[in-house]
Amino acid sequence: MGLFDKLKEKGRGILTAAKPADGVDAQSPDQVRERVLAIAGKGIETGSDDGELVVSWSAKVVSAGGGGGEYEYLYRAIRLKLDEGDHSAEALCFKTTSKAEVAAGGFSASKDSEKGQHIGSETVHVIAWLGPH
């Protein structure tokens with residue numbers, strides 16, 4: 001049995017168990033780490049932190065409903081914890097949005113953070129990728 005023989009036997013929140021398709025061998029923990037750390041793209045960073053695998057991206061985007069001078073700085077991350085003994089994995093999503101606005105009255109900024117299970121999608125206009133590229 002490999003690490004992904006079962007992703008989760010018990011559902012939590014919106015997650016449910018996920019197993020390999022019939023005939024597909026589960027991968028070892030080392031193979032899973034190697035594949036997760038190989039994820040690449042504009043603004044994407046991968047690494048390990050406190051025993052967890054982290055895949056994140058950050059970008060400067062046009063603020064929703066924004067006009068000239070309104071920007072948001074987005075940071076999105078997934079932290080993945082592998083349980084080799086239980087042959088499972090558990091992940092948690094992190095979202096941080098910082099808003100900066102330059103207007104006639106001066107500069108203002110705010111920050112909003114969330115963590116948990118996120119569903120849905122975001123459509124943004126990226127001005128600059130902030131991670132490695």
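For the numbers below, each heavy atom of this structure counts, side chains included, while hydrogens, waters and symmetry mates do not. Keep in mind the model is a prediction, meaning the values are calculated, not measured.
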Q | Pairs involving residues 34-62, ordered by first then second residue, that meet ring pair (Phe, Tyr, Trp, His ring centres under 6.0 Å) (sequence neighbours left out) | A | W57-W129
(Q) Quick check: is Y75 connected to V124 through a chain of hydrophobic side chains (ILVMFWY, heavy atoms under 4.5 Å apart)? (A) no
(Q) Do V55 and V36 make a side-chain contact, defined as non-hydrogen atoms from C-beta onward lying under 4.5 Å apart? (A) yes
Q | Qualifying residues under side chain to side chain donor-acceptor pair (under 3.5 Å), relative to D30, sequence neighbours excluded | A | R33
Q) Considering all heavy atoms of both residues, which atom of A91 and which atom of L80 are nearest to each other, and what is their separation? A) CB-CD1, 3.9 Å
Side-chain donor/acceptor pairs under 3.5 Å, residues 46-53, sequence neighbours excluded:
unit_1 : atom_1 : unit_2 : atom_2 : d
T46    : OG1    : L37    : O      : 2.9
D49    : OD2    : R79    : NH1    : 3.1
D49    : OD2    : R79    : NH2    : 3.0
E52    : OE1    : R79    : NE     : 2.7
E52    : OE1    : R79    : NH2    : 3.0

Q.
I'd like to know if the side chain of R76 and the backbone of T96 have a donor-acceptor N/O pair within less than 3.5 Å.
A. yes
Q.
For a 4.5 angstrom cut-off between non-hydrogen side-chain atoms, does L130 reach Y73?
A. yes
Q: Determine, for Y71 and K60, whether the Lys NZ or Arg CZ falls below 6.0 Å from the six-membered ring centre while staying within 45 degrees of the axis.
A: yes
Q: Determine whether I39 and L82 fall in the same hydrophobic cluster, where Ile, Leu, Val, Met, Phe, Trp and Tyr are linked whenever their side-chain heavy atoms lie under 4.5 Å apart.
A: yes
Q: Could you walk me through whether I127 and V61 pass side chain to side chain contact (heavy atoms under 4.5 Å, CB included), step by step?
A: CA-CA 5 Å; I127 296 169; V61 303; 5.8 Å; no
Q.
Tell me every residue that passes side chain to side chain donor-acceptor pair (under 3.5 Å) with Q31, counting only those two or more places apart in sequence or in another chain.
A. S28
Q: Assess whether atom CG of L74 is packed by more than 12 heavy atoms of other residues, nucleotides or ligands within 6.0 Å.
A: yes
